[in-house]
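First up is the structure itself, then whatever we jot down about it.
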Amino acid sequence: MKRIKTVETRDLKASVKTGGCGECQTSGVANQLCE
Amino acid sequence: MIHQYKLNGYNIVLDVYSGSVHAVDEVAYDMIGLYGTCTGDEIVAAMLKKYGDREDVTEADLRECLEDIEALKDAGKLFSEDEYAGMAFDLKKRSNEVKALCLHVAHTCNLNCSYCFASQGKYHGERALMSFEVGKRALDFLVENSGKRTNLEVDFFGGEPLMNWQVVKDLVAYARSIEASAHKKFRFTLTTNGVLVDDEVIDFANREMNNVVMSIDGRPEVHDRFRVDLAGRGSYEKIVPKFLDFAKKRGERDYYVRGTYTHYNTDFTNDILHLADLGFTQLSMEPVVCAPGDPCALTQEDLPKLFEQYEILAKEMLRREREGRPFTFYHYMIDLTHGPCIYKRISGCGSGTEYLAVTPWGDLYPCHQFVGDEKYLMGNIWDGVTNTALRDEFKLCNVYARHECDDCWARLYCSGGCAANAYHASGSITGVYPYGCELFKKRMECAIMMQVARAEEHE
């Protein structure tokens, strides 16, 4: 039986290459949205 | 690094460095807890001993679960390693672009709240209003120093900004007039105590302000304990009808009813629910930050009750969502799929670098919480940032600068916390404010639990 369910999340390690544009709002950081 | 916790019937495992979230049953929860310190055979034996009387727990099943754990580890979604430490110290090399200003348009206030960090709006100085000329220069400074960034933010702050309302309107008009030629998009926020709100303010703000922060502390007796006028009279009856009208007319645009809770209302969830029952749907309630000896200061003895309150709030919000009458609570609004990238999570709020506060006379400070502390004067809007050493200090003020955070599971959610709170608690902007950490972690556990609950309900 399946005992582990993984909730969909943004891959932080992938964001090393895709992130950093700086267009998001200044900031709680956790509740910011990527823009 | 992982973090495991149980809340509201859910067993949750967070993988800190990948950002992964796993909802597991109690068997997998225990197995993950033993993983790394026990062999596979030892884990299976321990589980058979603990759960062996259950039909669904067999050796084959446990071996399969162990394989799932291994697969998640191999995929970088469990027990992943920190690969970001080197990036944190590259931040000193980052550009000096500014993208947000907090304009202190009024260092004066028509309320006299004793818990106010801004010393009743005066920031430990003289009363002052920002002139249009200073505000205009501040906007030009922002445009000139924002590089290629399109989105620029300007917060009209105080004191009470409505005490300088004409200047606010004139500055918005000026900003709009230069947007196209500068290839910028201004987003304005207004923070107000509500005393001077009228139809004209509402109409203008609902046209021009991307967000409005309305200060209400909750139940009438809670609000009126601190939020009094200069004659000592409570302001609840005066402001709540205005704010209800404001919020209703705001339609789909963002607003926040933002309260402060203190040692006197550690049952603050009742204040949040009071605001929700009044009809407000976008809420925020923050712990007071003040000197430890202050009668309104939160104490260590308060913490268990505060934790319980955050849990009660999360469960009640889920219940109301299911009943079709939802409201939002700022700290529970995390988006696991479209949240911040790793650069944002490391660098934090941007105070002293991409976010600056401007006093009524044009001085620059790292943020609104440092205004009035001359040690943190960074420059002015005519000469720019002249204290570049201080700016460099803030560039490196991130979660990796705080060794107290090395083993903390929440480090990439809080980014090291608030520099001003750390400074006031420890004397250093790279210190920590442990009390705030405890509250933050509880809020994050609740927020993530709510996302897990929603994901399960949508299955």
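Proteins get letters first, then strands, A, B, ... in listed order; numbering begins at 1 in each.
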Assert top hit (heavy-atom pairs under 4.5 Å, partner chain A, pool Ile342(B), Ile448(B), Leu152(B)) equals Ile342(B)
Identified side chain to side chain contact (heavy atoms under 4.5 Å, CB included) counterpart of Ile4(A) within the set Ile69(B), Val13(B), Val27(B), Asp25(B): Ile69(B)
So, for Tyr84(B) and Lys13(A), which heavy atoms are closest and what is the spacing to 0.1 Å? OH-CG, 3.1 Å
If we only count heavy atoms from C-beta on, is the Arg10(A) to Thr337(B) side-chain gap below 4.5 Å? no
Under 3.5 Å, is there a donor-acceptor pair between the side chain of Thr9(A) and the main chain of Leu336(B)? no
Please check if the number of heavy atoms outside Glu81(B) that lie under 6.0 Å from its CD is greater than 12. no
Set of residues satisfying salt bridge (Lys or Arg N to Asp or Glu O under 4.0 Å) with respect to Glu67(B), sequence neighbours excluded: none
Heavy-atom cut-off 4.5 Å, strictly under: side chain, backbone, both or neither for Leu72(B) against chain A? side chain
Could you give the distance from NZ (Lys77(B)) to OG1 (Thr6(A)), rounded to the nearest 0.5 Å? 6.0 Å
Between Ala455(B) and Val7(A) the two heavy atoms that sit nearest each other are CB-CG1, 4.4 Å
Euclidean distance, Ser20(B) OG relative to Asp11(A) CG, rounded to 0.5 Å: 7.0 Å
Work out which heavy atom in Cys341(B) is nearest to a heavy atom in Gly20(A); give both atom names and the distance. SG-N, 3.3 Å
Examine whether an atom of Tyr29(B) lies under 4.5 Å from a heavy atom of chain A, and if so say whether it belongs to the side chain, the backbone or both; otherwise answer neither. neither
Are the side chains of Asp56(B) and Arg3(A) in contact, using a 4.5 Å heavy-atom criterion? yes
At a heavy-atom separation under 4.5 Å, does Val16(B) approach chain A through its side chain, its backbone, both, or neither? backbone
With sequence neighbours left out, what residues match Glu286(B) under side-chain contact (heavy atoms from CB on, under 4.5 Å)? Arg258(B), Ser284(B), His331(B), Arg443(B)
Can you tell me how far OG of Ser15(A) sits from OH of Tyr343(B), rounded to the nearest 0.5 angstrom? 7.0 Å
